[in-house]
Enquirer: 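One structure coming up, written as structure tokens, with questions to follow.
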Amino acid sequence: MVSNLLKFDVVVVGGGHSGVEAAYAAARMGSKTALISLDLKRIGYMPCNPAIGGIGKGHIVFEISALGGLMPQLCTKTYLQARMLNTSKGPAVYGLRLQIDKVSYAQESQKYLQSVENLTLIEAMVKEILTNQDGHISGVMLNDGTRIETPTLVLTTGTFLNGLVHMGHTNYASGRENEAAVVDLSTSIKNLGIEMGRLKTGTPPRLLRSSLNFDVMEKQEADNLDYLFEFYPHSTTTKRDCYITHTNDNVHQIIKDNAHVSPILCKTLTGIGPRYCPSIEDKITRFPDKTAHQIFVEPESLSTDWIYPNGLSTSLPVDIQEKYIRAIKGFENAIIARPGYAIEYDFVFPNQLKHSLETKKVPGLFCGGQINGTTGYEEAAGQGIMAGINASLKASGKEPFILDRTESYIGVMIDDLITLSVDEPYRMFTSRAEHRLMLRQDNAFLRLTEKAYNIGLISEKMFEDFKQEKELIETTIAELKAKYRTTDLLRVFGENQCTPAMIKELTGKDIPARSCQTIQATIKYEPYLEREEREIARLKKYQTMKIPTAFNYSEIEGLSIELRQKMTKHRPETIAQATLIPGMTPAALSLLIVKVSLITR
């Protein structure tokens, strides 16, 4: 009964990927934690694409793994197919992507959380955020009038805040399919003086697998891998195949002919949509010369007949969805199990947050996931684990745990959000990281595991195993450098994908597959890594240098007009913030440092 559990160290609102990680982290750190969800059976649910990882996104999941998070463990238990993307481009931009059984994923999420010590799951709707006379978080009030006391609150509300679903000219309040929107909580957030905006996202129709003709589609081959996101090895198997088909001129014409009933094209949605995951209507409008768009035909679960046609997100009426779907190769007899729709929702402008993800205005209030303007399960989970960690630390009176953008993709994401805020849903790409040669999938554990161990998120056994693997990597690299000339090593590791067999032949040692990538990258990228380390050291020397509020950027000769305008618009407070402005170059940064130094010395 809720009435017996009125006081917690940490309360998490929302049971999506961000909320799951926040609650899991806080509870495992010893905080008495409550996770409040509208429906406990929907905790860990995947409302959109049934896949986790990919380029950039996969890096975040590896980092969640290194921090002791839950998502990587769930992935190992519930994946249907595994692929390693970008292997032709080198280990710095590899991207592990897993097709997930979404039904099993949610079930496993719930099972894990129910077994976590210090964690209580509560099925309810939060109506109001409560603060004390000092403006600090003191608790929440539920719809039934129940008060729950807590000094730290983590909001991970996804698309539920004033959620509004659109399908043609029809719209209705909903958090996502068949779930209630949350209205009062949005009002309560605004009443705290926090500025909010409106974003939108969408999802494609789901199709019945039995109604599709896979024989005319391109089969998407899986990879046989020796590890997934977790630290320990795992040999993959394929449990269900994925396919590829394409749109065509006929499909495009049907959509163009019905543009007048698309709320996206008619601009009846007030929220801003994701640039990098547009609806099919958006794609056809924005790329009129493109005659075909890829559609990834992905299974949702072994226990259902539903197929996810990735690339066909839409807000068109159901009859039009059916018409254009059946004009696609392999979909001629497709049966729509559930129509696609667009949804718009409230979010918090993330420049109102600290790097700990605590709001600046309300001490004890943290935000994670889509409420911060991001899109994607991985981005949500990365923020969730950080919000949960910092809520637990704050409840214990300890200093926050901050990841720098030079040491993690999670740090890049949070720094981007807080420094630049968002004007569209944020998605992670490897290109967002200035030092991506150092922030690879293979070395995520080397970068973050010790930090996680120090705050109580990693078991003693895993930490000991990690230290052994770290020592093995270091001694193997030293041995290779002592035994072979640098030119020979560069030739071997620069031209071939490193494998355990290759290392065995060179050193006689048995090395895990992921460690082979680390060895290859360390040798292949060594001169570039040294340069990046020097650049990071230089940046750290100047990053705290403050830029005068009235600084006149138009007077810096040698800067492009565009860059002057951007700096005038964003008004960075420090050199560190200036580095994040899109288009900023090392040369421009050097000019800025010189000019600021002349004024402030």
Side-chain angles (χ1 to χ4, degrees), residues 2 6-16 18-19 22-23 34-38 122-164 173-176 179-200 270-272 343-374 380 383-384 387-388 390-391 394-395 417-418 421-423 425:
V2 174
L6 292 175
K7 291 186 178 181
F8 295 91
D9 301 318
V10 178
V11 169
V12 179
V13 179
S18 189
L35 172 60
I36 304 174
S37 175
L38 294 177
I122 299 173
E123 187 170 276
M125 181 182 287
V126 174
K127 180 178 182 179
E128 185 180 357
I129 298 171
L130 306 175
T131 57
N132 61 23
Q133 60 185 8
D134 296 324
H136 194 292
I137 288 294
S138 61
V140 295
M141 181 180 290
L142 307 182
N143 262 17
D144 64 2
T146 300
R147 294 171 65 99
I148 297 180
E149 296 180 12
T150 183
T152 58
L153 176 65
V154 184
L155 297 179
T156 64
T157 50
T159 60
F160 282 80
L161 293 180
N162 278 328
L164 188 65
S174 180
R176 59 189 182 200
E179 294 185 78
V182 177
V183 178
D184 292 335
L185 182 55
S186 211
T187 302
S188 182
I189 295 170
K190 291 175 184 175
N191 288 342
L192 294 172
I194 294 174
E195 186 182 358
M196 303 186 76
R198 199 87 168 138
L199 294 175
K200 74 173 173 69
T270 58
I272 300 168
I343 183 168
E344 55 180 325
Y345 54 93
D346 291 346
F347 79 104
V348 168
F349 285 103
N351 59 332
Q352 300 169 98
L353 306 176
K354 301 176 183 178
H355 280 81
S356 62
L357 296 181
E358 181 182 21
T359 58
K360 296 172 183 176
K361 284 189 176 180
V362 186
L365 177 61
F366 296 78
C367 296
Q370 279 183 283
I371 192 173
N372 291 339
T374 60
Q383 294 168 74
N390 283 310
K394 189 173 184 73
L417 293 172
I418 289 164
S421 198
V422 298
D423 53 14

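This is a predicted model, so every value here is computed, not measured. Every heavy atom of this structure was used, including side-chain atoms; hydrogens, water molecules and symmetry mates were not.
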Enquirer: Taking atom OG1 of Thr159 and atom CG of Leu199, what is their separation to the nearest 0.5 Å?
Expert: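 Here the interatomic distance stands at 11.0 Å.
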Enquirer: Return yes if a side-chain donor-acceptor contact under 3.5 Å exists between Asn372 and Thr374, otherwise no.
Expert: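 No, no side-chain donor-acceptor pair sits under 3.5 Å.
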Enquirer: Checking salt bridge (Lys or Arg N to Asp or Glu O under 4.0 Å) between Glu344 and each of Lys200, Arg176, Arg198, which is the one that passes?
Expert: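 The passing option is Arg198.
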Enquirer: Is a side-chain donor or acceptor of Ser174 paired with a backbone partner of Ala181 at a separation under 3.5 angstrom?
Expert: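 Not confirmed, Ser174 side chain does not pair with Ala181 backbone.
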Enquirer: Okay, side chain of Thr150, backbone of Gly139: is any donor-acceptor separation there less than 3.5 Å?
Expert: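 No.
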Enquirer: Any heavy-atom pair between the side chains of Leu155 and Leu161 that's under 4.5 Å?
Expert: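 In short, these two side chains do not touch, never coming nearer than 4.5 Å.
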Enquirer: State the CE-CD1 distance between Met141 and Ile148, to the nearest 0.5 angstrom.
Expert: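 The CD1 atom of Ile148 is 11.0 Å from CE of Met141, to the nearest 0.5 Å.
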Enquirer: For Phe347, what residues pass the ring-ring contact (aromatic ring centres under 6.0 Å, His included) criterion, not counting sequence neighbours?
Expert: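 By the ring-ring contact (aromatic ring centres under 6.0 Å, His included) rule, Phe347 matches Phe349.
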Enquirer: Could you grab the distance from atom CG of Leu192 to atom OG1 of Thr359, nearest 0.5 Å is fine?
Expert: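 If I round to the nearest 0.5 Å, the distance is 8.0 Å.
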Enquirer: Measuring from atom NZ of Lys127 to atom CG of Asp144, what distance do you get when rounded to the nearest 0.5 angstrom?
Expert: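 Answer rounded to 0.5 Å: 10.0 Å.
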Enquirer: What's the separation between atom NZ in Lys190 and atom CG in Asp346, rounded to the nearest 0.5 Å?
Expert: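 Result: 4.5 Å between the selected atoms.
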Enquirer: Counting distance only, does the side-chain N/O of Lys394 pair as donor-acceptor with the main-chain N or O of Thr152 below 3.5 Å?
Expert: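 Between the backbone of Thr152 and the side chain of Lys394 there is no qualifying donor-acceptor contact (under 3.5 Å).
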Enquirer: Can you tell me if Ser188 uses its side chain to pair, donor with acceptor, with the backbone of Glu128 under 3.5 Å?
Expert: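 The answer is no, because no donor-acceptor pair under 3.5 Å joins these two groups.
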Enquirer: Measuring from Leu353:CG to Lys360:NZ, what's the distance to the nearest 0.5 Å?
Expert: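 Between Leu353 CG and Lys360 NZ, I get 8.0 Å after rounding to 0.5 Å.
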Enquirer: Look at the side chain of Ser138 and the backbone N and O of Glu149, then say whether any donor-acceptor pair between them is shorter than 3.5 Å.
Expert: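 Pair absent, no side-chain N/O of Ser138 close to backbone of Glu149.
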